[in-house]
Amino acid sequence: MKFVPPRVPPATVSEVQVLVADWFRREQRPLPWREPATSAWAVLLSEVMSQQTPVARVAPIWARWLELWPTPADLAQAPTAQVLREWSSLGYPRRALRLQECAAAIVERHDGVVPQIYDDLVELPGIGDYTAAAVVAFAHGRRSTVVDTNVRRVLARVFSGTALPPPTYSAAERAFARAITPELDEQAAAWAAGSMELGAVVCTARTAYCEACPISALCAWRLAGFPEDEHAQVRTTQKFTGTDRQVRGKVMKVLRDAHGPVLRSQIDLVWPDQAQLDRCVASLIEDGLAEQDGEAYSLPQ
DNA sequence: AATGCGGGGAG
DNA sequence: CTCCCAGCATT
């Protein structure tokens, strides 16, 4: 079933957005990057770290990175091996490489200043549609359409009346999100933050805590009697155990925990299947996450 | 449009 | 145990 843009009266959209903004003002979590003095660079950092990683795990790493590298120029000059070590176990360490490349690009293209324009942001390494829009709204307080997995779910439930959005994010869905973005900077930013937060803590994937929801009375999914997810059959859950992703993670942990180069014999200990291990080590080198010097492997210098 | 890419905590 | 998380890049 494709996404069909719901026909919602503008007055209803506006009422939803006002209620969510008010709720967010009262109930938002005190996340460290929401402190007023947070720099645009710090916000960008928090957004990239939060891609596919829960915020609770991000917070301490984020604080440490800002101590070490308070500006893009600082990160650009850091040893990549240290960047990967400080990334710790946030997962998807390619994000750390992209972040350092992003910092270098900000220095080269934008004089070391985080851009305020979506089109400039989205050109940066590791910055896609979501993160570019999020930096516009949360770092600069400007109007943008911020759509992450939480927002997609909230829009699906409130306006489309479905349990979950379609498996893939379509152009039609994007157009709908854009169409209901408030015109004013302040209201657009509040809607972005509020709709994300609502999906993160109230209208969650597993459970909808409708008794805590400021717009439950207006929710199409609730009014329809909570129909089941119609895409449940085609939704595939990603395996992890035994995959290259798991093996790559184990190898990276060995490299991070070692002070210097490690021998292949040390890497061999983390996984029994040598063919798979070979493939994973090669792919890590290919990705720029590891280096080989004869029999010794290490993080990139 | 589909895949690959980490890791940990909640239910 | 399964599911899910403030996605991106590549095909």
Side-chain angles (χ1 to χ4, degrees), chain A residues 2-3 24 28-29 31-34 42-62 84 87-99 101-102 121-139 144-154 164-174 189 192-201 203-207 209 229 231-232 234-256 270-271 279-280 283-284 286-289:
Chain A
K2 280 175 32 180
F3 174 79
F24 180 74
Q28 63 171 299
R29 294 167 295 175
L31 301 178
W33 41 86
R34 286 178 177 165
V43 170
L44 187 156
L45 211 49
S46 78
E47 293 300 339
V48 173
M49 288 181 170
S50 299
Q51 293 167 2
Q52 302 289 281
T53 302
V55 296
R57 291 174 55 199
V58 166
I61 308 294
W62 175 81
L84 290 170
W87 187 255
S88 187
S89 61
L90 283 185
Y92 297 139
R94 294 190 295 194
R95 287 184 291 165
L97 294 183
R98 296 296 91 78
L99 219 26
E101 295 166 8
C102 176
L121 287 161
V122 83
E123 289 299 316
L124 297 170
I127 308 297
D129 172 68
Y130 162 76
T131 306
V135 170
V136 170
F138 305 145
S144 73
T145 302
V146 181
V147 182
D148 73 335
T149 184
N150 291 310
V151 174
R152 291 189 64 214
R153 184 173 55 252
V154 168
L164 292 172
T168 51
Y169 184 40
S170 65
E173 208 182 331
R174 183 191 312 270
S195 55
M196 278 181 63
E197 186 81 347
L198 193 66
V201 304
C203 197
T204 67
R206 221 184 268 272
T207 313
Y209 300 96
D229 173 27
H231 304 99
V234 292
R235 258 179 244 283
T236 63
T237 58
Q238 268 189 337
K239 282 288 98 187
F240 176 59
T241 306
T243 62
D244 286 3
R245 262 176 38 244
Q246 183 185 25
V247 178
R248 283 167 54 105
K250 286 179 175 296
V251 174
M252 286 301 291
K253 178 168 173 53
V254 170
L255 298 180
R256 280 199 311 269
V270 304
W271 197 249
R279 184 171 71 243
C280 289
S283 75
L284 289 172
E286 178 70 21
D287 287 349
L289 288 165

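Side chains are part of it too, since the values below use all heavy atoms of this structure and drop only hydrogens, waters and symmetry mates. This one's a predicted model, so the numbers in the text were calculated from it and none came from an experiment.
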Could you state the atom-to-atom distance from [atom1] of [X] to [atom2] of [N] in whole Å?
X	N	atom1	atom2	result
A:M252	B:dG8	CE	P	14 Å
A:R95	B:dG4	CZ	P	19 Å
A:F3	B:dA1	CZ	P	14 Å
A:M196	C:dA6	CE	C1'	4 Å
A:L289	C:dA9	CG	C1'	14 Å
A:Y130	C:dA9	OH	C1'	18 Å
A:E101	C:dC8	CD	P	15 Å
A:F240	C:dC5	CZ	P	17 Å

Closest to the [X] side chain: [options]?
X	options	value
A:R206	B:dG8, C:dT2, C:dA6	C:dT2
A:P54	C:dA6, C:dG7, C:dC5	C:dC5
A:R57	C:dG7, C:dA6, B:dG7	B:dG7
A:W33	B:dC5, C:dG7, C:dA6	C:dA6
A:R94	B:dG4, C:dA6, C:dC4	B:dG4
A:T149	B:dG7, C:dG7, B:dC5	C:dG7
A:K239	C:dT2, C:dC8, C:dC4	C:dT2

Base B:dG6 to side chain A:T53, donor-acceptor N/O within 3.5 Å cut-off: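 Yes, a donor-acceptor pair under 3.5 Å.
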Quick one: label A:A134 by what it contacts on the DNA or RNA (base, sugar-phosphate, nothing), any heavy atom closer than 4.0 Å.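 Result for A:A134 = nothing.
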Begin with the C-alpha distance, continue with both residues' side-chain angles, and end with the deciding distance and a verdict on side chain to side chain contact (heavy atoms under 4.5 Å, CB included) for A:R57 and A:S88. CA-CA 10 Å; A:R57 291 174 55 199; A:S88 187; over 6 Å; no
In whole Å, what separates the P atom of B:dG11 from that of C:dA6?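 Roughly 13 Å separates the two P atoms.
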With rounding to whole Å, what would you report as the distance between C:dT10 and B:dG6 at their P atoms?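 The same atom, P, in both gives a distance of 14 Å.
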A:T53 backbone acceptor or donor facing A:S50 side chain under 3.5 Å: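 Side chain of A:S50 to backbone of A:T53, a donor-acceptor pair under 3.5 Å: no, none is there.
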Salt bridge check: are A:E197 and A:R34 linked by an N-O gap of less than 4.0 Å?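 The answer is yes: the pair qualifies as a salt bridge.
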Could you say whether A:R153 or A:I127 is positioned toward the 5' end of DNA chain C, judged by the nucleotide with the nearest heavy atom to each?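 Counting from the 5' end, the first nearest nucleotide belongs to A:R153.
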Can you work out whether A:R29 or A:R98 has the more 5'-proximal nearest nucleotide on DNA chain C?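 The answer here is A:R29.
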Can you tell me if the side-chain N/O atoms of [X] get under 4.0 Å from OP1 or OP2 in [N]?
X	N	value
A:Q52	C:dG7	yes
A:T243	B:dC5	no
A:T204	C:dC4	no

With sequence neighbours left out, write down each residue that passes side-chain contact (heavy atoms from CB on, under 4.5 Å) with A:T243, or none if nothing qualifies.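 Applying side-chain contact (heavy atoms from CB on, under 4.5 Å) to A:T243 gives A:K239, A:F240, A:R245, A:Q246.
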Set of side-chain hydrogen bond (donor to acceptor under 3.5 Å, both in side chains) partners for A:R248, sequence neighbours left out: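 Expected list: A:S283, A:D287.
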Residue mapping more 5' on DNA chain B - nearest nucleotide basis, A:Y92 or A:Y169: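 Residue closer to the 5' terminus by nearest nucleotide: A:Y169.
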Between A:K250 and A:T207, which has a closest nucleotide on DNA chain B that is more 5'?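 The residue mapped nearer the 5' terminus is A:K250.
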Ignoring hydrogens and angles, state whether a donor on the side chain of A:Y130 or A:E47 is under 3.5 Å from an acceptor on the partner side chain.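 A donor-acceptor contact under 3.5 Å links the two side chains.
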